[in-house]
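Throughout, protein chains are lettered first and strands after them, A, B, ... in sequence-line order, and every chain is numbered starting at 1.
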Number of protein chains: 2
Amino acid sequence: MVPAKVPGAVQLDWANAHDWQPYWKADNFKQYDWMEDVYWLYSAQLKRPALTNGERLHFYCGGIDYRFEIRLDGVTLLRQEGMFTPVDLDITERAVDGSRIEVLVYPAPKMHASPVDRSQAAQSCKPAVSYGWDWHPRLIPLGIWCETYLEVRPAVHLVNVSTAYTLSEDLSQAHLEIEAHLNASAVGSVTFTLGDPDGKDVFARTVSIECPTVSLAERIDSPCLWWSHDHGEQARYLLKTTVRTENGGVSETTQHIGFRRVRLVMHEGAWNAPAGFPKTRSTPPITLELNGRRIFAKGTNWVNPEIFPGIMSEETYRPLLELARGAHFNLLRIWGGGIVNKPSFFDLCDQMGIMVWQEFPLACNDYIGTTEYLAVLDQESQSIIKQLRGHPSLALWCGGNELFNAWSGMTDQSKALRLLNKNCYELDQNTPYLPTSPVMGMAHGDYRFRDETGREVYGIFGDAAGTAYTEFGCPGPSSRAALESFMPTEDLFPPKRGTPWETHHGLGAWEMDPGTWLCQSTIEHYFGPTQTLDELIERGQWLQCEGYKAIYEEARRQKPVCSMSLNWCYNEPWPAAANNSLIEWPATPKPAYYAVAASCRPVLASARLPKFSWREGEDFTAELWLLNDAYATIPKREIVVSVTANGSETHLLTWHSGEAQPNRNLRGPGVRFRLPHYDSDRITLRVTVAGNPDWNSEYVLHYRARDQKNTQPAKRILNV
Amino acid sequence: MVPAKVPGAVQLDWANAHDWQPYWKADNFKQYDWMEDVYWLYSAQLKRPALTNGERLHFYCGGIDYRFEIRLDGVTLLRQEGMFTPVDLDITERAVDGSRIEVLVYPAPKMHASPVDRSQAAQSCKPAVSYGWDWHPRLIPLGIWCETYLEVRPAVHLVNVSTAYTLSEDLSQAHLEIEAHLNASAVGSVTFTLGDPDGKDVFARTVSIECPTVSLAERIDSPCLWWSHDHGEQARYLLKTTVRTENGGVSETTQHIGFRRVRLVMHEGAWNAPAGFPKTRSTPPITLELNGRRIFAKGTNWVNPEIFPGIMSEETYRPLLELARGAHFNLLRIWGGGIVNKPSFFDLCDQMGIMVWQEFPLACNDYIGTTEYLAVLDQESQSIIKQLRGHPSLALWCGGNELFNAWSGMTDQSKALRLLNKNCYELDQNTPYLPTSPVMGMAHGDYRFRDETGREVYGIFGDAAGTAYTEFGCPGPSSRAALESFMPTEDLFPPKRGTPWETHHGLGAWEMDPGTWLCQSTIEHYFGPTQTLDELIERGQWLQCEGYKAIYEEARRQKPVCSMSLNWCYNEPWPAAANNSLIEWPATPKPAYYAVAASCRPVLASARLPKFSWREGEDFTAELWLLNDAYATIPKREIVVSVTANGSETHLLTWHSGEAQPNRNLRGPGVRFRLPHYDSDRITLRVTVAGNPDWNSEYVLHYRARDQKNTQPAKRILNV
């Protein structure tokens, strides 16, 4: 028997009671192995509040992870599988003062005993990531993970209020439908009051209660629209619903409504492909259209910000989302291997104007449509949709991650995905549904700066023609501070298997490339042997910065065929030794974060580069672009290109750019320059825009003089 | 006021009453133009039968085309849009002897007044074909098109009996669920009796009536399976359902059940593609798996066998289906531009072992998901699914034709297709659902022997890599008898625009190629100027035969990547001057029918040819194959190849083929032969299989001697 914190996780309670060291340090997580296979029992004694006037006593719990029973004084009130469906039990008749309420949590669901990997999650709605991933340890949370409380409610009270609306084609009218669901009928009325974004009343209507569902339909003219932060205001209306019944009971709730229309549309020119006979189909639409405006989606893949969802809260989300907005991200893909975030996440996204692509908990497995699995998926998906559909930031439903690829083996015929399509259609018809990512035309990967055949991100993405790059990565080591936080000093350098470098994903993380995610051989391919930890970090992070800039900007150059650029991944659930992430756990930006933020500015001057490493005497080449995702005309500008090394700057070219139309890029001239001798291991390409320094860009590239065999690490580190 | 025939069509009634010439002759169909825009009223006086013991009187109608009202003595009982939802009205309380029942039929639905083409059908569930197609005149049927009658039923009676089953993974057990739906509850019982395919009782169960739906679940061990005709027996069980109630009323129905499991699965090797990063998805599955066996689907696209569905009956379907079976076809695609056939069609397919791919009535338009349209589509699709789901031959649901192509503009996000997916999932979960044809990897077209760039079917399909060829065509002129049946003698030759050659699709049929479907310039490209009608017919049909053989056999050679070969089209709704069809209206095979039948034999020796036309002195080449779609090992064989011209046969090669594994083709050697001088315009390539003459093949190719400028028509026609 140990004290439990709710919300939380049984693992944390146990560790806390036994004074264990943090699970995120070194290899401590291995201590938790046994916990996934045992039963856990939460137990509490109730203090029954006084009930008057027919009031009801409810036990409410937002979510229990994963399979459980709820008992009151030994009587089982509920058995459930699934962590995303809240529990709401009327215990008025059963609970007495001193009653014992218990939550029995079952062992983690496993389809089979071995292999001990993500495939064990293939017959459940338990997020697969905690079964082990290339950036997540094997550590499977269990327990009460959401807010849990007793609540006294009036005899007749609101269960929930659901809203739905359609916007007229020209967006000038919203047809709003509201349904207030009561627990029972009564003599009385429901008052609906809608306030506009400035707090002014739009309407106040009182409807008498005829049955437990009370409906109202209203037309709103010229509604203020909700926009992503890079395109407009985050207008939200406030709906207040008040139930008043004969016996004086009052039940009230407020909620926001944001009017927006999101569609997935075909990109310009898409219908011209494929040409000729025999003719197959065009690739499916993946361009986001928000309120009639095609939007280039710049963003990232969000993963669980903690291993234990029970300790995530608004305080966890806020700094990460502020950074996301700061990086000009307008879309977050909430990857299907992880959890569905708590309501505060979506409230923040609504407020900050960040669109959300929400996946259901399916990832990289073949979720076979057995009756048992489909029943749980049906329940869980309905709960998720009902909980989130009211958020204007919710832009896209998706069945899950990489389900149509060989390692998963699902197809368009898989019942699980047909069921999800059906539930999304029934419950939230106006939000697009993708069965998985990628669908045809979209692309995932590569996840390295340089692949096993020697191709670099410049060539890999320069040659690609994806309609959306919704996963791609460049790994980088974590900062010294992060590494020191979880790794014994003696393991820090050189990185070795069998140390936390391995368990924290720096070595042997990704099966197909044993050097991941540190990728030391790639670092040494460019720079030669590494002498110190700081050198390793600096070089690895340099590659990560330049790699990400190359991909994000190349994706933008491929507009309008391409309409999305989302790197893998944004954040991490614990400290990694090296990772594709932009943010170190819990919320510290890596240098790559700033590089990506620069590449995602709505307007910037950009250089298309053929490669990273250059030599004396070689012709340096680059192509200039003005990237414009803004719905504004960019006037003519003088754009100056220079190369700098060791403090000496050479002007190469001035581009007198024409006007750039709204949401259109401009392709500019090519630069060619015979590289002279520099006493430096790097050159900096600067692209500066006269009058708009906020559009300037800079690329730091590797350089090798003729007499240099390799870089000279000690010296250069002093320069940094 | 004119007499009406039911089922039928208002157009036929009017024409009949006015002694019009047949609509299918010459340009008579143009007389009917005005009829699509007026209201029509059916009117009849009822003779009320005597009702005893609480019996009910019902007015039943299987379908009314398209929008209508039903009135009894001036009172509107029903308003409906949609021809596929039957009408079943209890008129016991309202009808008296002499009552007048009326059916008011609205004008044909049109989204807009112009253009006068298929796009007018884009907001209705009216099959689009009758609005005009490249092989169908503009002639839009209206009226009562299905069986219609009064029926006296016991007070409590069966409304319908629905069955559903799942087969265990190893097919050794069927879990059968039966629901008998009564119009009301009563004291009494329902008896379910199931007989096996030999007539032996499997079970007889009597269940007492507790509520209007009476259910039974039974397990059937080692069920006999239903197979397509080329793979096994068409085992069908017979279910008899009898309702007996307290007051002596008896209601009974019988229906067949065929147990089969159909899936769409990935072809062998499919998961290896795409390789490398960035990685998109594999193409979706399109290989039919029947009872665990992957089946190469050989078949065709079925179109309305009549312009007026009201005159289609079992007698219309039977000869066409017998011919289909005779051509070794195991799959018919019921194209979404046409109607959903009557129940007898599916009964025949069940009996004959022909699988059916059924599309919903959407074709080549953007069916925008307005509330009104979706409501009709929801009703109509549910009716269609409920009516057909019990047929074992029903192998595949499909949203409609070419919806993901430029000329339609629908996408995976279109609400209509998401709704259809949902309804199919809810009502017939175990039958696959395709949103449209083609989906990615599948291919439609070309529809000509030779395209505008000079490529022939040999090259076009030899270079292609489709997962399924579900539409392709080679046009051929109709027979002299067919042409003479509808065309004035003076128009027969030479073919000219402004004659029935044009209105019956021989000239200017297909917008992108004005010579279609006669394609005289292609004929003359090979043979020079045409002197007579018979010459034109013989040459056009020759090209059609060889073209179709080339495509069907090439598709089979591309197994397992390719798994379907369905030509456009099988039949025709009226006499065409020229068409891609294999069968002349109503049911006369063209020579191409026999050519295709030969190419679709389960086992055959086949030659892969590079082209159609050969010259003296040139090296003739071909590659030999043994095509095997049978689940049988084909023993070693001696396969002999020869070329014959003008009666002289030259043996080129004997291939000692190895064993062919079940459902595996064998690729053989190439033939090379310097063509000598022949006094002939053709050479015949014969591939003969010692001991299996039923596997022999023959290809008749064009030949030109050095001294020949062109063929000499008069002579050769005598030879034929």
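- Using a 4.5 Å cut-off between heavy atoms, A:Thr371 does not touch chain B at all.
- For the pair B:Thr516 (side chain) and B:Trp510 (backbone), a donor-acceptor distance under 3.5 Å is present.
- When each of B:Phe461, B:Tyr552, B:Tyr447 is checked for a ring pair (Phe, Tyr, Trp, His ring centres under 6.0 Å) with B:Tyr469, only B:Phe461 meets the rule.
- When atom types are taken as modelled, the side chain of A:Ser408 and the backbone of A:Phe404 share no donor-acceptor pair closer than 3.5 angstrom.
- There is no contact between B:Phe472 and chain A, counting heavy-atom distances below 4.5 Å.
- Under the 3.5 Å distance criterion, the side-chain polar atoms of B:Ser381 are matched with a main-chain donor or acceptor of B:Leu377.
- Most heavy-atom pairs under 4.5 Å with chain B, from the set A:Thr467, A:Asn272, A:Asp446, A:Thr470: that is A:Asp446.
- No close placement of the B:Trp397 and B:Trp357 rings is indicated, their centers lying 6.0 Å or farther apart.
- Of all the listed residues (A:Ser437, A:Cys424, A:Gly409), the one sharing the greatest number of non-hydrogen pairs under 4.5 Å with chain B is A:Gly409.
- Taking B:Leu419, B:Leu434, B:Asp451, B:Val439 one by one and counting their heavy-atom pairs under 4.5 Å with chain A, the maximum is reached by B:Leu419.
- Put simply, of B:Arg263, B:Arg455, B:Lys415, B:Met442, the one with the most heavy-atom pairs under 4.5 Å next to chain A is B:Lys415.
- Residue B:Thr436: no heavy atom, backbone or side chain, is found under 4.5 Å from chain A.
- Between chain B and the residues A:Pro438, A:Pro278, A:Ala443, A:Gly276, the largest count of heavy-atom pairs under 4.5 Å involves A:Pro278.
- Note on A:Leu403, A:Asn405, A:Thr283, A:Leu264: by heavy-atom pairs under 4.5 Å with chain B, the leading option is A:Asn405.
- Among B:Ile460, B:Thr411, B:Asn421, the residue making the largest number of heavy-atom pairs under 4.5 Å with chain A is B:Asn421.
- Looking at B:Thr370, neither its backbone nor its side chain comes within 4.5 Å of chain A, counting heavy atoms on both sides.
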(request) Check the pair A:His444, A:Asn401 against side chain to side chain contact (heavy atoms under 4.5 Å, CB included), reporting the backbone distance first and the verdict last. (result) CA-CA 10 Å; A:His444 280 197; A:Asn401 182 64; 3.6 Å; yes
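- With chain B as partner, the option from A:Ala464, A:Ala270, A:Gly369, A:Pro432 having the largest number of non-hydrogen pairs under 4.5 angstrom is A:Pro432.
- Contacts of B:Met512 with chain A are made by side-chain atoms alone, with heavy-atom separations under 4.5 Å and no backbone atom involved.
- Panel note: side chain A:Thr431, backbone A:Leu396; no donor-acceptor pair is recorded below 3.5 Å.
- Highest contact tally toward chain A, considering only B:Ala273, B:Pro285, B:Pro274, is held by B:Pro285 [criterion: heavy-atom pairs under 4.5 Å].
- The aromatic rings of B:Tyr458 and B:Phe449 sit perpendicular, their planes meeting at an angle over 60°, well past the 30° parallel limit.
- Remark: the backbone N or O of A:Tyr367 is not paired with any side-chain donor or acceptor of A:Asn365 at under 3.5 angstrom.
- With a 4.5 angstrom heavy-atom cutoff, B:Leu374 touches chain A only via side-chain atoms.
- For B:Glu452, the CD atom counts as densely surrounded, since its 6.0 Å shell holds more than 12 non-hydrogen atoms of other residues, nucleotides or ligands.
- Taking chain B as the reference chain and counting heavy-atom pairs below 4.5 Å, the highest number among A:Lys422, A:Glu471, A:Arg418 is found for A:Arg418.
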